[in-house]
> 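The structure that follows is given in the form of structure tokens.
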Amino acid sequence: MPSRFSDAFRAHPQQQLKHPDFTSLHELPDSYAWNQRDDPSPETFATESVPLVDLNDPNALQGIGHACKTWGIFQVTNHGISTSLLDMVEHTCRSLFSLPVHQKLKAARSPDGVSGYGFARISSFFSKLMWSEGFTIVGPPDEHFRQLWPQDFSYHCDVIKEYKEEMKKLAGRLMWLMLGSLGIIAKEDIKWAGPKTDFKEALAALQLNYYPACPDPDRAMGLAPHTDSTLLTILYQNSTSGLQVFKEGAGWVAVPPVPGGLVINVGDLMHILSNGSYQSVLHRAMVNRSHHRLSSAYLFGPPSTVEISPHPKLVGPTHPPLYRPVTWNEYLHTKAKHFNKALSSVRV
Ligand SMILES: C=C1C[C@]23C[C@@]1(O)CC[C@H]2[C@@]12CCC[C@@](C)(C(=O)O1)[C@H]2[C@@H]3C(=O)O
Ligand SMILES: O=C(O)CCC(=O)C(=O)O
Ligand SMILES: [Fe+2]
């Protein structure tokens, strides 16, 4: 990953927060108690559910189009990522987050850096702390992994490398399905997809998240509401539920884990590319009293020099472009400054 990608955070260094040993906390400290959690009534959860798309279904493209238009999120099955690879990634996450705090801190993310162990970047926008730990991987993980596991780092590096390769292929496939559902079917229409139309030059970050079991889950927050800055995000979650999405008119809706399934969200750059037809989805992660939760988010975006703007096919006299062109790096700068108002700040 070119260093330019992380330049976005140099101007907005993250405050260094103390990393707790969650296992030693038997009560929720006040600094983790979110007073104003806007929970909807429990009925809301039962009424609507996030669409599920079988990628082997001949109607998958239509299903994805409908899901992106109405929800900004969907789950997929028959996606081609093997269960054994997902199990290996889960094992690597578990092994990483169960290391002693002092060991994890050897691979801490630097205040103005992008890769490494730490709190979610969005922490600085909230007065309360989140009940989670994260590890961000941009580029090869070798240096950090060597610090974490001096003996067997190469095994974990291989797992992450294979996962990133497989995720890139799936992200490319999902991109063409999403674009196709918008009527963008000519491969020349997205030049940066490259000569083989496989998005070879695309950039991505892998975010591993760990949400320890929490003594007071109703007052805690695992990951605060946010949209991803990406074109699309592919999320793997273990069997503990916690992900919720905000749907206009319905409130917060749970996204329960589907065995072998993956969750796909529309990110802010897809929102821009589609000129607002596919809106990025506000989501958050809640925590559980008795079970820890693991997730891994593959955050997929364009190469660093590519400007994303509303696609010409979706713009016309009655549909003016709603957003100005931005590179991912520039958008990450904006996000680091304006957080959830970043999208409106690039509106024309
Ligand atoms: C490429 C990126 C997207 C991300 C910031 C990052 O540099 C790497 C971590 C990503 C993540 C994951 C958790 C939620 C999020 C908002 C955050 O704080 O870090 C996203 C960022 C994003 O999509 O804007
Ligand atoms: O853990 C989850 O379910 C959500 C994670 C997430 O939103 C992210 O990493 O961007
Ligand atoms: Fe997210």
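Just so you know, ligand 1 is whichever comes first in the structure, and atom 1 is the first atom listed for that ligand.
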> So, for Leu231 and Met270, which heavy atoms are closest and what is the spacing to 0.1 Å?
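Result for this residue pair: O-CB, 3.0 Å.
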> For Thr230 and ligand 1, does the shortest N/O to N/O distance drop below 3.5 Å?
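By distance alone, the answer is no.
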> Using a 4.0 Å cutoff against the non-hydrogen atoms of His226, which atoms of ligand 1 qualify?
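Atoms satisfying the 4.0 Å criterion: 14 (C), 16 (C).
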> Just which atoms of ligand 2 are under 4.0 Å from any heavy atom in His283?
7 (O)
> Output yes when a side-chain donor or acceptor of His226 lies under 3.5 Å from a complementary backbone atom of Ala224, and no otherwise.
yes
> Report yes or no: does Arg293 contribute a side-chain atom to a donor-acceptor pair with the main-chain N or O of Thr240 at less than 3.5 Å?
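Answer holds: yes.
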> Examine the proximity of ligand 2 to Arg293 and report which part, side chain or backbone, both or neither, has a heavy atom under 4.0 Å away.
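The part of Arg293 near ligand 2 is the side chain, not the backbone.
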> Using a 4.0 Å heavy-atom threshold (strictly under), name the region of Arg121 that reaches ligand 1: side chain, backbone, both or neither.
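Both of them.
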> Is Arg284 positioned over the aromatic face of Trp252, cation under 6.0 angstrom from the ring centre and no more than 45 degrees off axis?
yes
> I'd like to know whether ligand 2 has Arg284 as a neighbour, heavy-atom separation below 4.0 Å.
no
> Taking all non-hydrogen atoms of both residues into account, name the closest pair between Gly261 and Tyr236 and its distance.
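Taking Gly261 first and Tyr236 second, the nearest heavy atoms are O-CD1, 4.4 Å.
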> Strictly distance-based, threshold 3.5 Å: is any side-chain N or O of Lys104 a donor or acceptor partner for the main-chain N or O of Phe97?
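Yes, Lys104 side chain to Phe97 backbone: donor-acceptor pair under 3.5 Å.
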> Side chain of Ser115, backbone of Ile137: donor and acceptor closer than 3.5 Å?
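Not confirmed, Ser115 side chain does not pair with Ile137 backbone.
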> Heavy-atom contacts with Gln207 under 4.0 Å: which atoms of ligand 1 show up? List them by number with element.
9 (C), 12 (C)
> Check whether any side-chain N or O of Trp131 sits under 3.5 Å from a backbone N or O of Pro212 as a donor-acceptor pair, and report yes or no.
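Checked: pair present.
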> Just let me know how Val263 lines up against ligand 2, side chain, backbone, both or neither, with a heavy-atom cut-off below 4.0 Å.
neither
> In terms of atom number and element, which parts of ligand 1 are under 4.0 angstrom from non-hydrogen atoms of Val114?
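Contacts of ligand 1 toward Val114, numbered from 1: 7 (O).
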> Between Asn59 and Gln62 (side chain of the first, backbone of the second, donor and acceptor by atom type, cut-off under 3.5 Å), is there such a pair?
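Such a contact is absent between Asn59 side chain and Gln62 backbone.
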> Could you tell me, atom by atom, which parts of ligand 1 come under 4.0 Å of a heavy atom of Thr136?
8 (C), 9 (C)
> Applying a heavy-atom cut-off of 4.0 Å, say which part of Leu223 lies close to ligand 2: side chain, backbone, both or neither.
side chain
> Any sub-3.5 Å donor-acceptor pair from Asp228's side-chain atoms to Thr230's backbone N or O?
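Here the side-chain-to-backbone pair does not exist.
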> Show which atoms of ligand 2 fall inside a sub-4.0 Å distance from at least one heavy-atom site of Gln207.
9 (O)
> Nearest to atom 9 (O) of ligand 2, what protein heavy atom do you find, and at what distance?
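In this structure, atom 9 (O) of ligand 2 has Asn209 ND2, 2.9 Å as its nearest protein heavy atom.
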> Could you work out, for atom 4 (C) of ligand 2, the closest of Tyr298, Tyr210, Tyr211 by heavy-atom distance?
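Minimum heavy-atom distance to atom 4 (C) of ligand 2 goes to Tyr211.
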> Run down the list Ile122, Leu203, Asn209 and name the one with the heavy atom closest to atom 16 (C) of ligand 1.
Ile122
> Just to the nearest 10 degrees, tell me the angle at the Fe ion (ligand 3) spanned by Asp228 OD1 and His283 NE2.
100°
> If hydrogens are left out, which of Asn329, Leu299, Leu206 has an atom nearest to atom 10 (C) of ligand 1, that is, the closest non-hydrogen atom?
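Residue with the shortest heavy-atom distance to the ligand atom: Leu299.
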> What pair of heavy atoms forms the shortest contact from Ser124 to Arg121, and how long is it?
OG-O, 3.6 Å
> Without swapping roles, check the side chain of Lys168 against the backbone of Lys200 for a donor-acceptor pair under 3.5 Å.
yes
> Please work out whether any backbone atom (N, CA, C, O) or any side-chain heavy atom from C-beta onward of Gln237 is under 4.0 Å from ligand 2, and answer side chain, backbone, both or neither.
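Answer for Gln237: neither.
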> Can you list the atoms of ligand 1 that are under 4.0 Å from a heavy atom of Asp228?
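Result: 23 (O).
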